[in-house]
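Just so it is clear, the values below take in all heavy atoms, side chains as well, and ignore hydrogens, waters and symmetry mates.
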Amino acid sequence: MMKSRTGRRDERFTRTRASTAQQRVVVLDVQQQNRYFQLFYDSVLNKDQKTVIKKTDAIYDAPLQKIIDFQFDERVVAVFPDMIQRSVPGYGMIVSNIGILAAKYARAGSHCYDLGCSLGAVSLAMRQRIKQPDCDIISVDNSPAMIERARELLALDTVPTIPVTMLCSDIQDVTIENASVVVLNFTLQFIPPAQRLALIQRIYAGLRPNGILILSEKIAFNKPGRQHFHEELHHDFKRANGYSDLEISQKRSALEKVMIPETLACHQKRLQAAGFSSSELWFQCFNFVSLVAIK
């Protein structure tokens with residue numbers, strides 16, 4: 001019995017998917033990605049200009065004799081888009097909506113800061129959305145490898161709207177002034193807890209009236225039952241995205257001393273102590289949240 005054309009196409013599609021999965025190579029439709037991911041993958045576009053091959057995070061897929069503290073080095077930079085999307089629930093949605101928030105609160109003649117910018121996802125999302133005149137973006141990260149790659153991505157943005165300055169520096173050493181929008185997108189959790197209030201106070205002081213701080217963080221829970229519930233769901237999310245238990249365990253050990261989550265209440269109290277008139281939880285998925293605080 002002859003197979004229909006549709007059946008043959010389905011069979012070829014199934015074989016292609018199986019082969020791709022075996023090779024741990026993810027093929028993406030560029031048009032479905034936000035501008036940041038488009039720019040990242042444009043540098044490795046296939047000749048047909050329709051699909052791209054994404055480098056897969058396999059940093060922790062083999063047993064390590066010694067697990068060193070996590071660093072944003074060249075290895076991480078090479079796989080960061082894959083790592084962040086498979087590790088942080090809703091990351092693409094957060095980035096896109098930060099662009100929308102920035103467009104609403106950015107003011108003419110002001111600075112917008114992306115503190116801990118990594119490869120510039122938030123910077124490019126803000127650049128895409130902000131329409132105010134004489135506005136610029138200052139992007140800061142202390143990883144030379146991240147900033148170098150972020151600058152390459154920025155150069156691929158052929159339709160620039162507002163200027164972006166990228167600085168390789170400690171965010172605690174950067175002056176915040178005349179700001180309408182400041183973003184800490186999964187950055188504060190890498191700052192020693194004793195130094196976090198001082199940083200938030202500096203941001204508050206540098207914001208214009210009605211300016212905003214967007215704060216995204218992985219959070220902890222006081223009650224062991226809630227902590228276990230959200231941790232397990234996060235691990236299930238990572239398993240569903242192809243990470244093994246070994247990878248999850250080894251990365252957790254690498255992050256243990258360098259990324260210290262706090263409770264949502266702790267973040268809210270700190271924002272209030274720094275002077276913010278209000279803060280709103282606008283995103284949560286498992287133990288990942290994002291807040292917007294208004295001066």
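Every side chain to side chain contact (heavy atoms under 4.5 Å, CB included) that Ile67 has, sequence neighbours left out, goes to Leu64, Gln250, Ser253, Ala254. Annotation: ring-ring contact (aromatic ring centres under 6.0 Å, His included) contacts of Phe276 (sequence neighbours excluded): Tyr204. Taking the ring-ring contact (aromatic ring centres under 6.0 Å, His included) definition, one finds that Tyr60 meets it with nothing, sequence neighbours left out. The side-chain hydrogen bond (donor to acceptor under 3.5 Å, both in side chains) test applied to Asn178 returns Arg208, not counting sequence neighbours. A search for side-chain hydrogen bond (donor to acceptor under 3.5 Å, both in side chains) contacts involving Asp134 returns nothing, not counting sequence neighbours. For Ser244, the side chain to side chain contact (heavy atoms under 4.5 Å, CB included) partners at least two apart in sequence or on another chain are Leu246, Glu247. Partners of Phe70 by ring-ring contact (aromatic ring centres under 6.0 Å, His included), not counting sequence neighbours, listed by chain and number: Phe72.
Side chains of Tyr243 and Asp61: a donor-acceptor N/O pair is absent below 3.5 angstrom, by distance only.
Taking OG from Ser139 and CE from Met146, the interatomic distance works out to 13.5 Å, rounded to the nearest 0.5 Å. Rounding to the nearest 0.5 Å places CG of Asn142 at 8.0 Å from OG of Ser169. Annotation: the span from Leu255 atom CG to Ile260 atom CD1 amounts to 11.0 Å, rounded to 0.5 Å.
Under the side chain to side chain contact (heavy atoms under 4.5 Å, CB included) rule, Asn185 has a single partner from Val88, Ile98, Ile214, which is Ile98. Screening Val292, Leu213, Ile212, Val122 against Val181 for a side chain to side chain contact (heavy atoms under 4.5 Å, CB included) leaves a single residue, Ile212.
In terms of modelled atom types and a separation under 3.5 Å, the side chain of Arg127 and the main chain of Ile137 share no donor-acceptor contact. No donor-acceptor distance shorter than 3.5 angstrom exists from the side chain of Ser278 to the backbone of Ile294, with no hydrogens or angles considered. No donor-acceptor pair under 3.5 Å is formed between the side chain of Ser87 and the backbone N or O of Ile84.
For residues 284-295, every residue pair satisfying the side chain to side chain donor-acceptor pair (under 3.5 Å) rule, not counting sequence neighbours, is listed here: Ser216-Ser290, Trp282-Ser290. For residues 224-238, the pairs satisfying salt bridge (Lys or Arg N to Asp or Glu O under 4.0 Å) are Asp236-Arg239, with sequence neighbours left out.
Within a 6.0 Å sphere centred on CD of Glu148, heavy atoms belonging to other residues, nucleotides or ligands number 12 at most. The local environment of CD in Glu280 is sparse, with at most 12 non-hydrogen atoms from other residues, nucleotides or ligands closer than 6.0 Å. Atom CZ of Arg129 has 12 or fewer neighbouring heavy atoms from other residues, nucleotides or ligands inside a 6.0 Å radius.
Counting heavy atoms from C-beta outward, Arg149 and Phe80 have side chains that stay 4.5 Å or more apart. Side-chain contact between Thr263 and Cys266 is present, with at least one heavy-atom pair separated by less than 4.5 Å. Side-chain contact between Ser143 and Asp73 is absent, with no heavy-atom pair separated by less than 4.5 Å. Contact of the Met126 side chain with the Val183 side chain is registered, since non-hydrogen atoms from C-beta on lie closer than 4.5 Å. Between Ile171 and Leu184 the shortest side-chain heavy-atom distance falls below 4.5 Å. Pro81 has its side chain within reach of Leu119: a pair of non-hydrogen atoms, C-beta onward, lies under 4.5 Å apart. Considering only heavy atoms from C-beta on, Tyr113 stays 4.5 Å or farther from Leu207 through its side chain. Two residues are said to be in side-chain contact when any heavy atoms from C-beta on lie closer than 4.5 Å; Val77 and Ser118 fail this criterion.
A salt bridge is absent between Lys55 and Asp82: the closest approach of a Lys/Arg side-chain nitrogen to an acidic carboxylate oxygen does not fall below 4.0 angstrom.
For His234 and Phe288, the ring centers are positioned less than 6.0 Å apart.
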Please output the side-chain donor-acceptor pairs of residues 268-275 that fall under 3.5 Å, not counting sequence neighbours, one pair per line with the distance.
residue: Arg270; atom: NH1; partner: Glu262; partner atom: OE1; Å: 3.0
residue: Arg270; atom: NH2; partner: Glu262; partner atom: OE1; Å: 3.0
residue: Arg270; atom: NH2; partner: Glu262; partner atom: OE2; Å: 2.8

If you look only at distance, which donor and acceptor atoms sit under 3.5 Å apart when one is on a side chain in residues 217-225 and the other is two or more places apart or in another chain?
residue: Glu217; atom: OE1; partner: Gln189; partner atom: N; Å: 3.1
residue: Glu217; atom: OE2; partner: Leu188; partner atom: N; Å: 3.2
residue: Glu217; atom: OE2; partner: Gln189; partner atom: N; Å: 3.0

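Using a 4.5 Å cut-off between side-chain heavy atoms of Ile, Leu, Val, Met, Phe, Trp and Tyr, Leu233 falls into a hydrophobic cluster with Phe229, Phe237, Phe286.
Residue Ile138 is not grouped with residue Leu101 when hydrophobic side chains (ILVMFWY) are merged at heavy-atom distances under 4.5 angstrom, including chains of intermediate members.
Closest heavy-atom contact between Val95 and Ala121: CG1-O, 3.6 Å.
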